[in-house]
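Notes follow once the structure below has been shown.
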Amino acid sequence: VGHPVVTIDGPTASGKGTVASRVAAVLGFHLLDSGALYRLTALASARQGVAADDAESLAGIAATLDIRFTGNDVVLDGCDVSHEIRAEAIGLRASAIAVHGPVRNALFARQRAFREAPGLVADGRDMGTVIFPDARLKVFLTASVEARAARRLKQLSDKGFSANMDDLLKDLRERDARDTARTVAPLKPAADAFLLDTSEMSIETAVDAVIGWYRRSA
Ligand code: C5P
């Protein structure tokens, strides 16, 4: 509590994960990839055969996830699942279970616990609106759906997943619609967020903009 927070929210494949981790490195801050928590809940619940509409069971799983973040590795029940949680099917399931209030409540305190000295950079959908409303700096990244699909295609193929542009465009539109339309913590910029459209912008330029805003926010 009290430690400075920078929130970076935005839709799928807007570049927020990369921008957040670089900003955290520049500032020497901790990093929270909140999407990973929803992905881990999606993976753990799929393994246990829990349906995506069983909000109470899903919330129970979210509350008791045995997870560890070490560097870039994400560990679930003692096993490295860094690769597995990036699959497109897990992202879609994550967005389906993220509509449930009880699931979001179960993850609320877990996310806030990442706020430690000297500070935190948190990326997701509701970091600035719900989880850290008192953040020092709030950024909302956007990019055209085509630019995001192209980035996601590259990310997936770099990680050895197969994907094609048409399916990705369809997935992104489906996830955008669900993340924006849900009644609990919908994807939208905080009233006091800085907007950054990264469609035609390099990661470096986006990182510089965020760092500049942060320095001026002090
Ligand atoms: O960011 P990422 O694609 O890893 O997130 C996966 C899904 O988790 C998103 O589509 C969204 O539905 C959900 N999510 C969320 N709130 C967050 C982060 C992710 O609802 N803060």
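Computed from a predicted structure; not experimentally measured. Read the numbers this way: they start at 1 and go in the same order the structure lists the ligands and their atoms.
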Legend entry - Pair listing, salt bridge (Lys or Arg N to Asp or Glu O under 4.0 Å) test, anchored in residues 176-185, at least two apart: Arg125-Asp179, Arg148-Asp176, Glu174-Arg178, Asp179-Arg182
Legend entry - Selection residues 5-33 - residue pairs positive for salt bridge (Lys or Arg N to Asp or Glu O under 4.0 Å), sequence neighbours left out: Arg22-Glu204, Asp33-Arg86
Inset, instruction - Count the heavy atoms belonging to other residues, nucleotides or ligands that lie under 6.0 Å from CG of Asn164, then report whether that count exceeds 12. - result: yes
Acceptor/donor pairs from residues 187-195 side chains to any protein atom, 3.5 angstrom cut, sequence neighbours excluded:
| from | atom 1 | to | atom 2 | distance (Å) |
| --- | --- | --- | --- | --- |
| Asp192 | OD1 | Lys138 | NZ | 3.2 |
| Asp192 | OD2 | Lys138 | NZ | 3.4 |

Inset, instruction - May I ask you to check whether Arg136 and Thr7 show a side-chain donor-acceptor distance below 3.5 Å? - result: no
Enumerate, one pair per line, all nitrogen or oxygen atoms of ligand 1 lying under 3.5 Å from a protein nitrogen or oxygen, stating the separation to 0.1 Å; write 'none' if no such pair exists.
| from | atom 1 | to | atom 2 | distance (Å) |
| --- | --- | --- | --- | --- |
| ligand 1 | 1 (O) | Lys16 | NZ | 3.3 |
| ligand 1 | 1 (O) | Arg125 | NH1 | 2.9 |
| ligand 1 | 1 (O) | Arg125 | NH2 | 3.4 |
| ligand 1 | 3 (O) | Arg39 | NH2 | 3.0 |
| ligand 1 | 3 (O) | Arg125 | NH2 | 3.4 |
| ligand 1 | 3 (O) | Arg175 | NH1 | 3.0 |
| ligand 1 | 4 (O) | Arg39 | NE | 2.5 |
| ligand 1 | 4 (O) | Arg39 | NH2 | 3.4 |
| ligand 1 | 10 (O) | Arg125 | NH2 | 3.4 |
| ligand 1 | 10 (O) | Arg175 | NH1 | 3.1 |
| ligand 1 | 10 (O) | Asp179 | OD2 | 3.0 |
| ligand 1 | 12 (O) | Asp179 | OD1 | 2.6 |
| ligand 1 | 12 (O) | Asp179 | OD2 | 3.4 |
| ligand 1 | 16 (N) | Arg104 | NH2 | 3.0 |
| ligand 1 | 20 (O) | Arg104 | NH1 | 2.8 |
| ligand 1 | 20 (O) | Arg104 | NH2 | 3.3 |
| ligand 1 | 20 (O) | Arg182 | NH1 | 2.8 |
| ligand 1 | 20 (O) | Arg182 | NH2 | 3.0 |
| ligand 1 | 21 (N) | Ser34 | OG | 3.0 |
| ligand 1 | 21 (N) | Arg125 | N | 3.1 |
| ligand 1 | 21 (N) | Asp126 | OD1 | 2.9 |

Inset, instruction - Would you confirm whether Thr198, through its side chain, and Thr142, through its main-chain N or O, come within 3.5 Å as a donor-acceptor pair? - result: yes
